[in-house]
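So the structure is just underneath, and the comments pick up after that.
In what follows, every heavy atom counts, from backbone to side chain, and hydrogens, waters and symmetry copies are set aside. Every chain is numbered from 1, with letters handed out A, B, ... down the list of sequences. Please read all numbers here as calculations on a predicted model, not as lab measurements.
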There are 2 protein chains.
Amino acid sequence: MAGMATKTPEIRRRPGGRSARVQNAVYDAVGELMARERPDHITIPMVAERAGVNPTSVYRRWGDIDALLEEVAVAAFTRDDDEVPDTGTFSGDLREWALVISRDISRAHRTRYLRALVSARDGQVEQCPCWTSRQEQLAEMIVRARARDESTPGVEQVLNHVIAPLYHHVVFGLAVDDGFAQRLVGDVLSMAPRHESARAAK
Amino acid sequence: MAGMATKTPEIRRRPGGRSARVQNAVYDAVGELMARERPDHITIPMVAERAGVNPTSVYRRWGDIDALLEEVAVAAFTRDDDEVPDTGTFSGDLREWALVISRDISRAHRTRYLRALVSARDGQVEQCPCWTSRQEQLAEMIVRARARDESTPGVEQVLNHVIAPLYHHVVFGLAVDDGFAQRLVGDVLSMAPRHESARAAK
DNA sequence: CACTAATTGCAACGAACATTGCTTTAGAGA
DNA sequence: TCTCTAAAGCAATGTTCGTTGCAATTAGTG
């Protein structure tokens, strides 16, 4: 599962045909298996059988199970259906934003994918589209708040004290509920803002 | 790798004999392999060969690779050589404590074991001895500080805003250095203390 | 409608892993 | 020292995974 962010989600040469059907079947099969099996116990014959596809096809197209899982994981995380909250106050924005993220990553299959990403990577996990998009959203909220002359924590602080604890809890199997997210937001809002460069604020 | 905290580190029936030699050889082999191979690519024949031991012995004693990796991981994390800092002030204690932990978990093989734990678990990772001992240390520091009439953040806050970010960075492959740990401590010290029950403070 | 190229399915093969019955070794107690 | 027994080694076997050559199918193109 190496090379996560390097592979561009290129369009298949024959989008409407059998290739696409096979790909979808395989994706679905992976999704179903991820819901009930540990990632490192998933094999290509497994997904092939569940997808009603010949294992050879999977081997040829993806090479090994890591590449396949990686591709599906990226696909699962890379959808930008989420919009940046704009409630009028930074605390409101942050609260809503944290809730969305918290509910998102605490869904069962999401947790699996997260863990898969972690265990698969030798090096950096970040630089995945999902992460950078989150950072950009946060930066936007902060810029807007500061334009309103609000005092806000820095990007790094929010990442460290809201995102990190959320992900930590999810990855380590601890409970994550709305209250937890809210408490984190309350904590970070009560922190003294640290001076930091505006590099992350685009 | 399920059942982490359930297995007590029982004493082998023949501590001085061949069993112990085999166990040590296997443990060492796992350690070496963990340093250069992803956990889910490590097989029993691999460790057996490197340990100079018959694979059958490993199969019989540990059952499968997950149980073996789990046992070694616990052994690696379960050593209470760390003592609680006592600098006279809570901020000093916390700083030192964070540094020790930060340096500990950012060592290469430590990172591996952490990731192995994460990917191995379906349920909770916590309740491993290493975690609870950390919590107890923290609680002790807080009790001492409050006995000196210092105002401190709660146990949960420190866990969320110091431990969680540290582990998050390690697990996700981001850089962790002393400065990072220090910044986290600074942040949490500047937070408004939240009222919480004293359940964690023993 | 036919042609061409890509992709899938099929089948056979080799390699690695996992299991089991039996033998041998070595530590512990009498 | 001798005996006993738990654990390790050995060898044979079954299973699953991964690879490869070849035929069949399918989707674009003229």
Step by step, work out the side chain to side chain contact (heavy atoms under 4.5 Å, CB included) result for B:Leu138 and B:Leu159. CA-CA 9 Å; B:Leu138 173 58; B:Leu159 291 179; 4.0 Å; yes

Within residues 52-60 of chain A: residues closer than 4.0 Å to DNA chain D (heavy atoms): A:Thr56, A:Tyr59, A:Arg60

Within the 3.5 Å criterion, strictly below it, is a donor on [X] or [Y] matched to an acceptor on the partner's side chain?
X	Y	answer
A:Asp177	A:His169	no
B:Asp178	B:Gln182	no
A:Gln23	A:Arg61	yes

Quick check on D:dA8: is either OP1 or OP2 less than 4.0 Å from any side-chain nitrogen or oxygen of B:Arg61? yes

OP1 or OP2 of C:dT7 less than 4.0 angstrom from a side-chain nitrogen or oxygen of A:Arg21, does that happen here? no

Consider the side chain of B:Thr43, meaning its heavy atoms from C-beta on, and name the nucleotide among C:dC17, D:dA27, D:dA8 that approaches it most closely. C:dC17

For the pair B:His161 and A:His161, name the ring-plane relationship: parallel under 30°, tilted 30 to 60°, perpendicular over 60°. tilted

What is the separation between atom [atom1] on [X] and atom [atom2] on [N], rounded to the nearest whole Å?
X	N	atom1	atom2	result
A:Ile44	D:dG18	CD1	C1'	8 Å
A:His41	D:dC17	NE2	C1'	15 Å
B:Trp62	C:dT19	CH2	C1'	18 Å
B:Gln23	C:dA26	CD	P	19 Å
B:Leu68	C:dA18	CG	C1'	15 Å

Show your reasoning for whether side chain to side chain contact (heavy atoms under 4.5 Å, CB included) applies to A:Leu69 and A:Tyr113. CA-CA 9 Å; A:Leu69 292 185; A:Tyr113 281 114; over 6 Å; no

